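Data first, discussion second: the structure below is written as structure tokens.
Scope of the values below: all heavy atoms of this structure, side chains included, with no hydrogens, waters or symmetry mates. From a predicted model like this one, the values you see are computed outputs, not experimental measurements.
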Amino acid sequence: MKILVINAGSSSLKYQLIDMPSGQALAKGNCERIGIGGSITHKLQDGRVYKEDCNFPTHTEAFQKLMDVLSTGEYAVIQDVSEIAAVGHRVVQGAEYFNQSVLVTEDVVKTIESISDLAPLHNPAHVLAIRACMKVMSSFTPQVVVFDTAFHQTMPKKAYMFGVPYEYYKKYNIRRYGFHGTSHRYVTARLAKLIGKPIESLKIVSCHLGNGSSITAVNGGKSIDTSMGFTPLDGLLMGTRSGSVDPSVVTYIMEKENLTPAQMSDLLNKQSGYLGISGVTSDDRDLRKAAIEGNERAALAGSMQRYQVKKFVGAYAAAMGGIDALIFTGGIGENSVDLRREVCANMDFLGIDIDEEKNIECNGIEANISADGARVQTWIVPTNEEYLIAEDTMKIVNSL
Ligand code: ADP
């Protein structure tokens, strides 16, 4: 069964055509510059890459081009669009309406649209992509939506409420939603399989560290707390995002610098984090290079994030009454030997102890990097959100 996985932004349409249940990605790529021009980059399994400049006034033209590239010409991977059994869309915000993936209906689209205020950069784009897909593909092709927030809907109220007047929860739905749910769900389920224990019996701390980073406490397969909050700005220091700060810092800077809410939001989302602290880069690899070359602020940014990760691991072990396994995933979690070393240093009081040789040798691959005899299993588990979206889509379609 071939499933098309779509991750749409306001000017882009990332895709993967996945063969299920094998999970093999037959093709992947991105339609970019929608609304301001257009281009498609289409990559095949054998490494061949096709690029074309196009004209994409809207997501519909981009979707049409995608169908053409997938099914015609030298870079085609299917003979006919009808081979695509279903489409799975990543949706950032499902709020309290969705605690699992669902089949797309008109009501579902309207609900996603109705919570656009909570994810103004994402939900409207997802809706555009769903509607483009309805226009271009046969109306018989089922579509499924998979939410970043759904996995975290199991959090207890004490974990998801903020200490602002309760009326704002009622009036504006202000609460912690958490994000990266598809990744945390994938890596924790995968880990349980890898160590051969039922997920219901495990207390896991899952660290997804990339440009955007979040940590989740997963107790018995359920998210019970997570570091991202109302938006993906909360929690850890990230590439360009500040993570948690004293809320007074926000009002103080706004007053001193005479900033509007939009300018302050830009400062916190795009000018902070690694970039804001180091002044040179938002990228972990470049940050490390700069630190080695003697840039003290680059070294500070890296050590701030690692310290924060360590604190979350400790906090979530306390929240769950213990920890059986620790997962590193995401671009940094999977590929930074230093980060894993520093986070896991002096954590044997919790049972966390990694083997430095394994940490180095297994960099970037799925592996147990725990020291012999460590009470906690520490693993690198490369994430695969697209696979989980395809799997949810397949399950829902097969149940129709
Ligand atoms: P996003 O949150 O955009 O999905 P990623 O998970 O791709 O981000 O992570 C990107 C971060 O991972 C960057 O800071 C990058 O420097 C870091 N990184 C380190 N090593 C690698 C690597 N080998 N491949 C990809 N990213 C890496």
Minimal non-hydrogen separation, Ser336 against Asn363, with atom names: N-OD1, 3.7 Å
Which heavy atom of Leu191 sits nearest a heavy atom of Ala325, and at what distance? CD2-CB, 3.3 Å
Would you say that Ser272 contacts Leu267 through its side chain, given a criterion of any heavy-atom pair below 4.5 Å between the two side chains? yes
Excluding sequence neighbours, so at least two apart, what forms side chain to side chain donor-acceptor pair (under 3.5 Å) with His184? Ser206, Ser214, Thr216
Side chains of Tyr274 and Gln305, donor plus acceptor under 3.5 Å: yes
Rounding to 0.5 Å, atoms CG (Leu209) and CD1 (Ile332) come to a distance of 6.5 Å
Check whether any side-chain N or O of Arg175 sits under 3.5 Å from a backbone N or O of Phe162 as a donor-acceptor pair, and report yes or no. no
The reported gap from OG1 in Thr378 to CD1 in Ile327 (rounded to nearest 0.5 angstrom) is 10.0 Å
Main-chain N/O of Gly235 paired with Ser244 side-chain donor or acceptor, under 3.5 Å: yes
Donor-acceptor pair, side chain of Ser227 and main chain of Ile215, under 3.5 angstrom: yes
Tyr177 and His152: side-chain contact (heavy atoms from CB on, under 4.5 Å), yes or no, with the steps? CA-CA 7 Å; Tyr177 291 104; His152 301 299; over 6 Å; no
Only pairs at least two apart or in different chains count here, so list each salt bridge (charged side-chain N to carboxylate O under 4.0 Å, His left out) that has a residue in residues 314-341. Arg288-Asp338, Asp338-Arg341, Arg341-Glu356
Backbone N or O of Ala298 within a donor-acceptor pair of the Asn295 side chain at under 3.5 Å? yes
With no hydrogens and no angle check, do the side chains of Ser370 and Asn368 hold a donor and an acceptor under 3.5 Å apart? yes
Which pairs with one or both residues in residues 149-172 pass salt bridge (charged side-chain N to carboxylate O under 4.0 Å, His left out), sequence neighbours excluded? none
Heavy-atom side-chain proximity of Leu237 to Ser242 below 4.5 angstrom: no
Please answer whether the main-chain N or O of His180 pairs with a side-chain N or O of Ser183 as donor and acceptor at a distance below 3.5 Å. no
Quick check: is Met320 connected to Ile195 through a chain of hydrophobic side chains (ILVMFWY, heavy atoms under 4.5 Å apart)? no
If you draw a 6.0 Å radius around CG in Asn346, do more than 12 non-hydrogen atoms from other residues or ligands fall strictly inside? no
Chi angles and distances behind the side-chain contact (heavy atoms from CB on, under 4.5 Å) call for Ile380, Ile365: CA-CA 7 Å; Ile380 301 169; Ile365 56 175; 5.9 Å; no
For Leu26, is there any backbone N or O sitting under 3.5 Å from a side-chain donor or acceptor partner on Gln16? no
Closest non-hydrogen atom pair between Gly94 and Ile115, with its separation: C-CD1, 3.6 Å
Charged N to carboxylate O below 4.0 Å: is that the case for Glu106 and Arg131? yes
Approximate separation, where rounding is to 0.5 Å, of Ile323 CD1 and Asn219 CG: 11.0 Å
Close side-chain approach of Ile6 to Ile130, heavy-atom, < 4.5 Å: no
So, do His122 and Ile112 sit near enough that their side-chain heavy atoms are less than 4.5 Å apart? no
Scan residues 25-42 for pairs that pass side chain to side chain donor-acceptor pair (under 3.5 Å), counting only residues two or more places apart or in two chains. Tyr15-His42
N/O donor-acceptor pair under 3.5 Å between Thr329 side chain and Thr383 backbone: yes
Do the side chains of Leu118 and Val127 join up, straight or via other hydrophobic residues, at under 4.5 Å, putting them in one cluster? yes
For the student: nearest non-hydrogen atoms of Asn123 and Val92, plus distance: OD1-N, 4.2 Å
With sequence neighbours left out, the residues meeting side chain to side chain donor-acceptor pair (under 3.5 Å) with Arg90 are Asn7, Asp148
Under a 4.5 Å cut-off applied to non-hydrogen side-chain atoms, are His89 and Val144 in contact? no
Residues that Asp353 engages under salt bridge (Lys or Arg N to Asp or Glu O under 4.0 Å), provided they are two or more places apart: none
Rounded distance [0.5 Å steps], CG in Leu350 versus SG in Cys344: 10.5 Å
State plainly whether one hydrophobic cluster holds both Leu300 and Tyr307, where clusters connect Ile, Leu, Val, Met, Phe, Trp and Tyr through side-chain heavy atoms under 4.5 angstrom apart. no
Check: Val146 and Val91 side chains under 4.5 Å, non-hydrogen atoms: no
Please name the pair of heavy atoms, one in Val108 and one in Leu103, separated by the smallest distance, quoted to 0.1 Å. CG2-O, 3.6 Å
side-chain contact (heavy atoms from CB on, under 4.5 Å) evaluation trace for Asn173 with Glu96: CA-CA 9 Å; Asn173 304 305; Glu96 291 182 345; 5.5 Å; no
Give me each pair satisfying salt bridge (charged side-chain N to carboxylate O under 4.0 Å, His left out) with a member in residues 61-76, each pair once, sequence neighbours excluded. Glu52-Lys65
Is a side-chain donor or acceptor of Thr149 paired with a backbone partner of Phe179 at a separation under 3.5 angstrom? no
Short question: side chain of Glu255, backbone of Tyr252 - any donor-acceptor pair under 3.5 Å? no
Checking Ser22 now: which residues fulfil side chain to side chain donor-acceptor pair (under 3.5 Å) with it, not counting sequence neighbours? Asp19
Answer yes or no: is there a side-chain heavy-atom contact under 4.5 Å between Met238 and Met228? yes
Close side-chain approach of Glu391 to Met20, heavy-atom, < 4.5 Å: yes
Shortest non-hydrogen contact from Phe328 toward Val343: CZ-CG1, 4.0 Å
Scan for ring pair (Phe, Tyr, Trp, His ring centres under 6.0 Å) pairs involving residues 91-118, sequence neighbours excluded, and state none if there are none. Phe98-Phe147
Tell me, with the steps shown, if Gln64 and His59 meet side-chain contact (heavy atoms from CB on, under 4.5 Å). CA-CA 9 Å; Gln64 185 60 60; His59 285 70; over 6 Å; no
So, Arg297 side chain and Ile277 main chain: donor-acceptor pair closer than 3.5 Å or not? yes
In this structure, would Leu236 and Leu268 fall into the same cluster of hydrophobic residues linked by side-chain contacts under 4.5 Å? no
Across all chains, not counting sequence neighbours, the side chain to side chain donor-acceptor pair (under 3.5 Å) partners of Asp355 are none
Contact list for residues 77-88, test side chain to side chain donor-acceptor pair (under 3.5 Å), sequence neighbours left out: Asp80-Ser82
Hydrophobic cluster membership, Ile3 vs Ile396, 4.5 Å side-chain cutoff: yes
Pairs satisfying salt bridge (charged side-chain N to carboxylate O under 4.0 Å, His left out), at least one member in residues 363-376, at least two apart: Arg190-Glu366, Lys358-Asp372
Are there over 12 heavy-atom neighbours, none belonging to Tyr166, within less than 6.0 Å of that residue's OH? yes
